[in-house]
Undergrad: 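Quick one: this structure, given as C-alpha cells, is what I'll be asking you about.
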Number of protein chains: 2
Amino acid sequence: MTETRVPIPTLERLAIYLRVLLDAHEAGIQTLSSQEIEQHSGISAAQFRKDLSYFGEFGKPGVGYSVPGLIQCIERILRLDEEQPILLVGAGNIGSALVGYPNFQAHRLRIAAVFDNNFVKIGRPFGDLVIQDIARIKEVNAEIGARLGIIAVPAHAAQEVADLLVEAGVTGILNFAPTILRVPKHVHVRNVSFLQELAVLSYHATEDALCVNGQATRGGKDGV
Amino acid sequence: MTETRVPIPTLERLAIYLRVLLDAHEAGIQTLSSQEIEQHSGISAAQFRKDLSYFGEFGKPGVGYSVPGLIQCIERILRLDEEQPILLVGAGNIGSALVGYPNFQAHRLRIAAVFDNNFVKIGRPFGDLVIQDIARIKEVNAEIGARLGIIAVPAHAAQEVADLLVEAGVTGILNFAPTILRVPKHVHVRNVSFLQELAVLSYHATEDALCVNGQATRGGKDGV
DNA sequence: GCGAGATTGTGAACGGTTTCACAAATCACG
DNA sequence: CGTGATTTGTGAAACCGTTCACAATCTCGC
C-alpha cells in the first residue's frame, strides 16, 4: 500500500461492496472471499482486492474477508461509521423523494433539515421535518454541523444555493440541478443528471449507427 | 475520424454540451468556440473537440460552432431528435419525482406509461398518466414501442422488473434500485445510486486521512 | 508438525481517455 | 488578393485505472 490518492471509481465501488456485505451480514454469512464478492457485485475479484489495497490489508489469505469486520472498515473509510447529517435544499418533487428514501438509514445518512425559499412552503411539514427558510441555513447549520448538502432546486437557483451551502460550512454537495456549479476548491460536487443518463441510454438503445458527418457541417450555415 | 467505438464518458459529456448549447440558443447566441464551451461547461476545449471528432466535423476553423447546427447534430447523435417514449415502473416517491420532472420535455424524453404491482395504486392518476398493472407491460409497450425503461421500485423487486422490461422490448434501463441487475448482453443499464454518491462525498467531506489498517484485520476476528 | 489447497496483496503489463501541440482551414481587413 | 489572427481536427504523448500473475500467507486434516 503506497501513499497514492484514491481513485474516485474505487470510492464508488466501496459503496457497492458495503451493500453486498450488509446483505450478506443480514443473511448470517460470516466470511466472504473476493471471488464471492465478485459474484454478488459484478465487480472482478482483482478489482476488489486492488480497491481495498489503497486502504490497508483487510483479508486473511486462504480464508477471505470477515463480513462484519470489513463492514466496519469500509464504513470507517467512507465516514459512515457515525451519523452523517445532511442539509437538503428544495422541497419539491425530488426533495420529497429523498426525505422518503428508505435506504439512507442503513448507511447512517440522515437528512437533518430541509430548506426552501418559497414562503408558502416554509413552516409546512416535510417528511419528519419542517421546511425552513433558506435564508436561515447558515444559522441552522451552526447547530447541526452538516458537511453534506443536497441541491434539489431548479437550475436557475442552483448556483445561489451552492454558495449558501458553502457559506454554511458544507464541503460536499450532491447536485440534482442540471448546471455546472462553481465552488471553492475544497468543496466537492457530484452531479446527478437523469437527462444525462437517459441520453446515454438513448444513444445505445438504437444500434444503427446513423452517421451525420458531412450534413452536420453544412447545417452550420444557418448559424453563421 | 477513425471508426472507433465511442467512449461512454464522451456520450455523457455530449449531453452536457447539449445543455450548454440550448442555453446559448435561448440567449440568442449564434456561434460558440470550443474555448467558450469550456467556459460554460467546465470541460476542456480539447476534450470537447476530441469528443465531437468521434462523430464527424461540426465546426469551422477560425470561427467555431454554429449553435443551432450543433444542437441538431448532437440531438441526432443521442437520438433526441424525435420523441423518445419511456416506461416507468414504480409509482412511489422517485417515480413521482420523475413524472414531475420538468426538464425531460426539452430533450424530447417523455414518460409514456407508469406501472406498479400494487393493486391499490393501479388505476389511480399519476401526473398526466394512470398507473397500470405491471403484468400488462408487454402488452402496453406493443403499442408504445418504448426502448427505454426506468426502474424505481424497491431493491428486492428490481430484478424481476428488469426481466419484464427486457421482455417488453426495452434495451436501455435506468435503474434507481440499489442492486446489480442481470440483463441480456444487448441491454444497457445505468445505475443511479444516491447512496453511492453521498458515500463518495462523505469520504471527501472529512479530509483527515484516518487510516485503519492493522486494526481492521484484527477486527475480523469476531467474524471468523 | 507438515504438506496440500485456498486466497490475499501487489508490482508489472495492458488498455483506454485525456491532454498536448501543431498543421490545415477560415475569416477580417487593408 | 495576401497577410495575420483565430480556431478547428487529430496524431502522438502522457496519464490513469484495470487486469494479470505470482509470491507470500494462512487453514485444515492427517
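Per chain, numbering begins at 1; letters A, B, ... match sequence-line order.
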Undergrad: What's the CD-P distance between A:E38 and C:dT8, to the nearest Å?
TA: 11 Å
Undergrad: Let me know the distance between NZ of A:K60 and C1' of D:dT25, rounded to the nearest Å.
TA: 12 Å
Undergrad: Strictly below 4.0 Å: does A:S34 bring a side-chain N or O up to OP1 or OP2 of C:dT8?
TA: yes
Undergrad: Which nucleotide, D:dT18, C:dT10, C:dT17, lies nearest any side-chain atom of B:P9?
TA: C:dT17
Undergrad: Look at the side-chain N and O atoms of B:R5 and state whether any lies under 4.0 Å from the OP1 or OP2 oxygen of C:dG16.
TA: no
Undergrad: Atom CG of B:L70 and atom P of D:dT7: how far apart are they, to the nearest Å?
TA: 16 Å
Undergrad: Could you check how far CD1 of A:I37 sits from C1' of C:dT7, rounded to whole Å?
TA: 13 Å
Undergrad: With respect to the side chain of B:K50, which nucleotide from C:dT19, D:dA24, D:dG9 is positioned closest?
TA: C:dT19
Undergrad: From the set D:dT19, D:dT7, C:dC27, return the single nucleotide nearest to any side-chain atom of A:S44.
TA: D:dT19
Undergrad: If I take atom CG in residue A:L52 and atom P in nucleotide C:dT8, what distance separates them, rounded to the nearest angstrom?
TA: 10 Å
Undergrad: Please say whether the positively charged group of A:R79, taken as NZ for Lys or CZ for Arg, lies over the ring of B:Y203, i.e. under 6.0 angstrom from the six-membered ring centre and within 45 degrees of the axis.
TA: yes
Undergrad: Which nucleotide wins on minimum distance to the side chain of A:V63, given the candidates D:dT27, C:dT7, D:dT7?
TA: D:dT27
Undergrad: What's the closest nucleotide to the A:Y65 side chain, out of C:dG9, D:dT18, D:dA24?
TA: C:dG9
Undergrad: Over how many whole Å does the gap from B:F48 atom CZ to D:dG9 atom P extend?
TA: 8 Å
Undergrad: Examine C:dT17: is either OP1 or OP2 under 4.0 Å from a nitrogen or oxygen in the side chain of B:Q47? Give yes or no.
TA: no
Undergrad: Would you mind reading off the distance between A:Y54 atom OH and C:dT10 atom P, rounded to a whole angstrom?
TA: 11 Å
Undergrad: Which of the following nucleotides, D:dT10, D:dT7, C:dT7, is nearest to the side chain of A:S33?
TA: C:dT7
Undergrad: Is any side-chain N of the basic residue among B:E12 and B:R190 closer than 4.0 Å to the acidic one's carboxylate O?
TA: yes
Undergrad: What's the closest nucleotide to the side chain of B:A46 if the choices are C:dC20, C:dC27, C:dT8?
TA: C:dC20
Undergrad: Are A:F176 and B:Y101 an aromatic pair by the rule of ring centers under 6.0 Å?
TA: no
Undergrad: Side chains of A:L18 and A:E75, heavy atoms from C-beta outward: is any pair under 4.5 Å?
TA: yes
Undergrad: Starting from C1' on C:dG11, measure out to CZ on A:R49 and report it in whole angstrom.
TA: 13 Å
Undergrad: From the list D:dA21, C:dC27, D:dT8, which nucleotide is the closest neighbour of the side chain of B:P61?
TA: D:dT8
Undergrad: Give a yes or no on whether the ring-centroid distance for B:Y17 and B:Y65 is below 6.0 angstrom.
TA: no
